[in-house]
Amino acid sequence: MQKIRQFFINLRSSLWFVPGLMIIGSIALAFALIEVDGRIKREWLIAYPRVFGLGADGSRGMLTAIAGSMLTVAALTFAMTLSSISQASAQYSPRVLLNYMRDRINQFILGYFVSVFAYCLIILLTIRGADEIKFVPSLGVIVALVLAIGGIIVLIYFIHHIASSLQVTNIVEGIETETSEVIKNIFPEQMGEAADEAEKERAKDVEEKVHWYRVDSLLSGYIQYVDTDGLLEFACENDLYLRMEHGIGQFVAEDTTLISSSKSIDEDTISTINGFYNIYRYRTIEQDVGYGIRQIVDVAMKALSPGINDTTTAIICIDYLAIIVGKIADRKLPTTTRMKNGEIRVFVKSPSFKEYVETAFDQIRINGKANLAIFTRLLKALSIVAERTTSDERKNIIKEQIALTKEFANETLQTEYERKQLNELVSKELTKIKFERV
């Protein structure tokens with residue numbers, strides 16, 4: 001199952017799959033229209049000579065011109081796509097490269113031009129002149145003309161799309177939208193059966209009493225997906241306790257501990273447990289909210305580097321990070337234990353709300369040294385996150401971040417005027433954070 005999941009993840013991020021399907025579709029369309037042309041009566045075609053009166057030589061010439069131009073434009077679009085990928089990778093972050101490859105619009109446009117080329121070749125193959133059994137697939141030729149005109153529109157839209165996709169706001173918004181969708185899927189308002197707060201002490205006792213045996217990873221790479229439901233069922237069926245040693249998005253090396261088991265297990269069982277994990281050479285967003293945050297943080301870090309020093313881009317990143325962390329703030333995060341029939345069986349390694357907040361804001365705060373605009377926007381972002389939660393524990397985490405920002409800013413800001421502005425803003429934002437109970 002995990003191999004199938006990995007296969008579809010790779011297909012989604014490939015530049016060849018959608019164009020390949022479109023080429024197959026265009027070939028099927030060409031054969032279908034050729035068959036229709038061979039079966040319909042010719043009277044209605046003769047009735048419109050200006051539209052369908054193109055002879056064999058004229059049809060060949062037009063199709064050859066369309067095929068040649070489509071192949072040229074296809075090469076141009078590939079070159080522009082690779083150029084934009086290279087530019088985005090160098091200017092913003094290498095992590096955004098995969099987003100360009102996964103872009104369905106890019107994949108469709110690349111597929112459109114190569115599929116029209118393939119379509120024209122098939123139609124050309126069937127044209128017969130006067131010295132042969134004369135056959136000109138008039139419908140197929142007209143459709144080729146329509147597709148060629150459509151190619152002009154597609155090319156214009158492609159240029160617009162490439163120009164838009166290189167704007168940092170669109171890049172960051174795209175990452176935020178995708179990450180927010182993942183948050184909605186993996187952090188639903190109502191969680192499944194999981195150990196609640198009252199079970200924490202019992203879980204701690206169980207974990208301390210069990211003698212753990214290591215279960216090694218069979219692969220090296222990043223953990224993209226874990227089937228926790230499958231692990232829970234496996235643990236119950238085999239009367240095991242299982243403890244995850246690495247969470248989603250973390251790197252694991254081959255022949256190092258992937259998970260711990262309450263019993264010593266054989267190689268077949270080790271292979272079965274590894275089968276609940278999807279491990280590959282890069283991180284993906286499908287189950288990894290932290291990777292979405294990491295991409296935006298990387299863009300902000302690049303913007304704050306001395307060679308670029310683009311404060312505005314970093315501020316845009318902070319604004320969208322506030323949206324993502326704010327959505328996490330009002331969701332019930334999964335607990336670190338899973339149970340079935342009242343018995344804890346699996347100890348899950350998953351990020352806490354504090355870890356998400358630290359991932360989003362710590363490095364930006366440190367790299368925003370002596371930049372009042374960055375500190376100011378961080379405080380406003382933290383205030384937005386605080387508004388989204390009713391949890392006193394999470395509000396205390398936000399207050400801690402505000403205190404850290406104030407302390408670091410007062411150490412690095414150069415003038416008393418800047419420090420005064422920041423301290424006034426800190427006092428203002430702290431008064432907005434109201435607790436549900438004392």
Side-chain angles (χ1 to χ4, degrees), residues 7-8 10-85 101-162:
F7 176 72
F8 280 106
N10 291 341
L11 279 186
R12 184 185 175 192
S13 59
S14 68
L15 285 175
W16 60 265
F17 179 64
V18 171
L21 289 179
M22 293 179 69
I23 289 172
I24 294 172
S26 68
I27 293 173
L29 174 64
F31 280 118
L33 290 176
I34 291 166
E35 187 66 22
V36 170
D37 259 308
R39 293 177 180 272
I40 61 174
K41 295 181 179 180
R42 314 300 296 178
E43 287 80 4
W44 70 278
L45 298 178
I46 297 172
Y48 301 96
R50 290 188 177 88
V51 178
F52 299 104
L54 205 61
D57 292 338
S59 297
R60 283 197 188 101
M62 188 173 73
L63 289 172
T64 301
I66 293 173
S69 62
M70 289 297 108
L71 191 59
T72 301
V73 175
L76 173 65
T77 56
F78 272 102
M80 290 177 65
T81 301
L82 292 175
S83 175
S84 63
I85 288 174
M101 295 180 66
R102 288 155 60 107
D103 189 336
R104 283 282 183 257
I105 294 177
N106 285 341
Q107 294 174 1
F108 167 80
I109 291 172
L110 292 173
Y112 184 90
F113 293 117
V114 293
S115 61
V116 173
F117 172 76
Y119 172 87
C120 290
L121 290 184
I122 299 299
I123 299 296
L124 268 170
L125 185 67
T126 62
I127 295 177
R128 300 291 184 270
D131 55 339
E132 305 165 292
I133 302 174
K134 187 173 182 180
F135 177 72
V136 178
S138 301
L139 280 178
V141 173
I142 291 299
V143 169
L145 179 61
V146 172
L147 291 174
I149 295 171
I152 299 171
I153 299 171
V154 170
L155 178 60
I156 293 170
Y157 179 75
F158 175 71
I159 295 170
H160 165 78
H161 177 69
I162 286 292

Could you measure the distance from the [atom1] atom of [X] to the [atom2] atom of [Y]? Nearest 0.5 Å is fine.
X	Y	atom1	atom2	value
Leu110	Leu15	CG	CG	6.5 Å
Ser138	Leu33	OG	CG	11.5 Å
Leu29	Met22	CG	CE	11.5 Å
Leu63	Ile122	CG	CD1	11.5 Å
Asp103	Met101	CG	CE	11.5 Å

Residues 140-153 side chain polar contacts: donor-acceptor under 3.5 Å, at least two apart:
none

Quick one: are [X] and [Y] in side-chain contact, heavy atoms under 4.5 Å?
X	Y	value
Val116	Ser26	no
Asn106	Phe158	yes
Phe108	Tyr112	yes

Indicate every side-chain donor-acceptor pair of residues 69-80 with a distance under 3.5 Å to a residue at least two apart or in another chain.
residue: Ser69; atom: OG; partner: Ala65; partner atom: O; Å: 3.1
residue: Ser69; atom: OG; partner: Ile66; partner atom: O; Å: 2.8
residue: Thr72; atom: OG1; partner: Gly68; partner atom: O; Å: 2.9
residue: Thr77; atom: OG1; partner: Val73; partner atom: O; Å: 3.3
residue: Thr77; atom: OG1; partner: Ala74; partner atom: O; Å: 2.7

His161 and Tyr157 aromatic ring geometry - parallel, tilted or perpendicular at 30°/60° bounds: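 Rings of Tyr157 and His161: parallel, as their planes differ by under 30°.
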
Among all residues two or more places apart in sequence or in another chain, which pass the side-chain contact (heavy atoms from CB on, under 4.5 Å) test with Ile24?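 Testing Ile24 for side-chain contact (heavy atoms from CB on, under 4.5 Å), a comparison that skips the adjacent residues, returns none.
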
Mind checking side-chain contact (heavy atoms from CB on, under 4.5 Å) for Thr126 and listing every partner two or more places apart, or none if nothing turns up?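 By the side-chain contact (heavy atoms from CB on, under 4.5 Å) rule, Thr126 matches Ile34, Phe135, Pro137.
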
Short side-chain to backbone donor-acceptor contact, Gln107 and Pro19, under 3.5 Å: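 A pair under 3.5 Å: no.
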
Strictly by salt bridge (charged side-chain N to carboxylate O under 4.0 Å, His left out), give each pair with a member in residues 69-82 just once, sequence neighbours left out.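 Residue pairs passing salt bridge (charged side-chain N to carboxylate O under 4.0 Å, His left out), neighbours aside: none found.
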
